[in-house]
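Encoded as structure tokens, the structure appears first; notes follow it.
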Amino acid sequence: MQRKAYGPGVAALLAAVLAGCTGSPDSGGQADDSNPGSAGTATQAAQPGRYATLPEPCGVVGDRTLEELLPGLTELTDQQQREKAYAGEATLTYDTDRKVGCRWKVESLAATDRLLVDLERVVSYDNAVSDDAQAEELFARRRTAAQLPVPTVTGSGSPSPTGSGASTGPADPSGSAASGSPSAPSATGSPSVAPSELQPRVLEDLGDEAFLDDALSSSGSTVQERTVTVAFRTSNVIVTIEYAEQPVTVGAVPDSKEMQDRARKLAAELSDSLGG
């Protein structure tokens, strides 16, 4: 069978049809990769956080500061034990660019002290939300979870924290308050609630925002353990310090002010090292 031959007129007609379907920039047609309704505009990504990496966690605390927080370090005589105790132990993490931590535990003649330093770099995956804003939201949730007392005005006109925050006073049958060194029993004759300046609270002079928590718990019927937590945010990095002490002496209560001062001092040093 003989095939039909198409003349030049038919070929020209097909070319014209194809040109009309595809269009061209010169003829006012729309390009294939254009986006109707948003031509000439682009979504501006939110600013990234100040920090793109995190420091090595077991190296952020100096030896002198460690000795203040963990007095048992100076009592160690074995060289290998001393080196291991000072070095600390890195916490398990799967992404050291996002979250790192280090913990120390040292026993002394008076007490067992534990320290945890945790650093988290917050990254937003929403182009409309900056890393700082994402970190601020996360920090707010943690502050709410800490259930800090809400300051109220007493009859004398001075603020006094109240609420569901943990009391910093000891669970002593006589109702005495914590005082003295970690190895000494608590004094009697004082109020059962710690002064307002020692209650869990928001800190105004640390990083972009910060708070402190102080909890006294019983590991047994006669042993008291105090845990002081200081958390602060600087840009898109959140730092959490947990400092705990459990005295050896029965009935002894760790001193709230002393532990808070030590934890806050470490927090200030870490904030300075981060440039916050």
Side-chain angles (χ1 to χ4, degrees), residues 51 53-122 135 138-139 142-143 145-146 166 182 200 203 206-207 210-220 223-234 237-248 254-256 258-274 276:
Y51 303 100
T53 60
L54 291 170
E56 200 285 312
C58 293
V60 296
V61 186
D63 287 354
R64 182 170 298 181
T65 301
L66 282 175
E67 291 168 0
E68 293 178 357
L69 292 157
L70 312 169
L73 286 172
T74 59
E75 298 177 8
L76 296 174
T77 56
D78 183 84
Q79 184 64 27
Q80 288 186 343
Q81 287 185 347
R82 283 176 59 88
E83 292 178 356
K84 184 178 179 180
Y86 275 95
E89 180 182 357
T91 58
L92 180 64
T93 182
Y94 297 100
D95 187 352
T96 55
D97 283 335
R98 294 290 304 277
K99 188 176 177 65
V100 295
C102 190
R103 64 177 75 251
W104 294 260
K105 178 181 178 181
V106 181
E107 297 179 357
S108 69
L109 296 176
T112 298
D113 293 282
R114 296 191 302 276
L115 174 66
L116 170 66
V117 175
D118 181 270
L119 301 98
E120 181 176 358
R121 185 175 68 90
V122 181
L138 176 60
F139 192 83
R142 294 183 181 179
R143 184 176 59 242
L203 302 176
L206 181 62
F211 68 86
L212 179 147
D213 197 7
D214 188 329
L216 188 65
S217 62
S218 298
S219 300
V223 180
Q224 301 287 330
E225 179 179 87
R226 184 180 300 282
T227 301
V228 174
T229 302
V230 176
F232 69 91
R233 178 185 69 85
T234 174
V237 167
I238 296 176
V239 180
T240 304
I241 297 168
E242 291 183 4
Y243 178 40
E245 182 170 277
Q246 179 179 308
V248 173
D255 185 85
S256 181
E258 184 178 65
M259 291 186 64
Q260 289 190 22
D261 288 346
R262 291 174 178 174
R264 291 186 64 180
K265 180 182 178 182
L266 172 59
E269 292 176 358
L270 295 181
S271 179
D272 290 342
S273 69
L274 289 171

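When a residue number appears, it is its place in the shown sequence, counting from 1. Not measured: the values here are computed from a predicted model.
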### Task
Please confirm whether the backbone N or O of Y86 pairs with a side-chain atom of W104, one donor and one acceptor, at under 3.5 Å?
yes
### Task
Report yes if some heavy atom in the side chain of E225 is under 4.5 Å from a heavy atom in the side chain of R114; otherwise report no.
yes
### Those residues that, when tested against K265, pass salt bridge (charged side-chain N to carboxylate O under 4.0 Å, His left out) (two or more places apart)
E68
### Nearest heavy-atom neighbours spanning G72 and V106
C-CG1, 3.4 Å
### Query
Any side-chain heavy atom of F139 within less than 4.5 Å of one from V122?
no
### Task
Provide the closest heavy-atom pair for L54 versus V237 in the form atom of the first, atom of the second, distance.
CD2-CG2, 4.0 Å
### T227 side chain near S217 side chain, heavy-atom distance below 4.5 Å
no
### Query
What distance separates L66 CG from T74 OG1, expressed to the nearest 0.5 Å?
12.0 Å
### Task
Grab the two heavy atoms, one from T112 and one from K105, that are nearest each other, plus how far apart they are.
CG2-CE, 3.9 Å
### Task
Mark yes when over 12 heavy atoms from residues, nucleotides or ligands other than K99 sit less than 6.0 Å from its NZ; otherwise mark no.
yes
### Query
Of all residues at least two apart in sequence or in a different chain, which pass the side-chain hydrogen bond (donor to acceptor under 3.5 Å, both in side chains) check with E120?
R142
### Task
Kindly say whether the aromatic ring centers of F232 and F211 come within a distance under 6.0 Å.
no
### Query
Do any pairs count as a disulfide bond (SG atoms under 2.5 Å apart) and have a residue in residues 60-98, sequence neighbours left out, and if so which ones?
none
### Task
Check the pair Q246 / Q224 against side-chain contact (heavy atoms from CB on, under 4.5 Å), numbers first and verdict last.
CA-CA 6 Å; Q246 179 179 308; Q224 301 287 330; over 6 Å; no
### Least distance between heavy atoms, P57 atom then G101 atom
CG-O, 3.4 Å
### Query
Can you name the nearest heavy-atom pair linking L115 to Y243, along with the distance?
CD1-CB, 4.4 Å
### Query
Does any non-hydrogen side-chain atom of V117 lie less than 4.5 Å from one of V100?
no
### Shortest non-hydrogen contact between S108 and V248, atoms and distance
O-CG2, 4.3 Å
### Message
Applying salt bridge (charged side-chain N to carboxylate O under 4.0 Å, His left out) to D118 and R103, what does each step give before you reach the verdict?
### Response
CA-CA 9 Å; D118 181 270; R103 64 177 75 251; over 6 Å; no
### Query
Got a sec, which residues hit salt bridge (charged side-chain N to carboxylate O under 4.0 Å, His left out) with R121, two or more places apart in sequence or on another chain?
none
Going by atom type alone, with no hydrogens or angles, which donor-acceptor pairs under 3.5 Å involve a side-chain atom of residues 58-65 and a protein atom two or more places apart or on another chain?
{"residue": "T65", "atom": "OG1", "partner": "E269", "partner atom": "OE1", "Å": "3.0"}
{"residue": "T65", "atom": "OG1", "partner": "E269", "partner atom": "OE2", "Å": "3.3"}

#### Entry: Pair listing, salt bridge (charged side-chain N to carboxylate O under 4.0 Å, His left out) test, anchored in residues 88-97, at least two apart
none
### Over 12 foreign heavy atoms within 6.0 Å of CD, Q80
no
### Expected output: side-chain E75 to main-chain L109 donor-acceptor under 3.5 Å
yes
#### Entry: Close side-chain approach of T234 and Y51, heavy atoms under 4.5 Å
yes
### Task
Assess whether side-chain contact (heavy atoms from CB on, under 4.5 Å) is satisfied between V230 and L266, documenting all intermediate values.
CA-CA 9 Å; V230 176; L266 172 59; over 6 Å; no
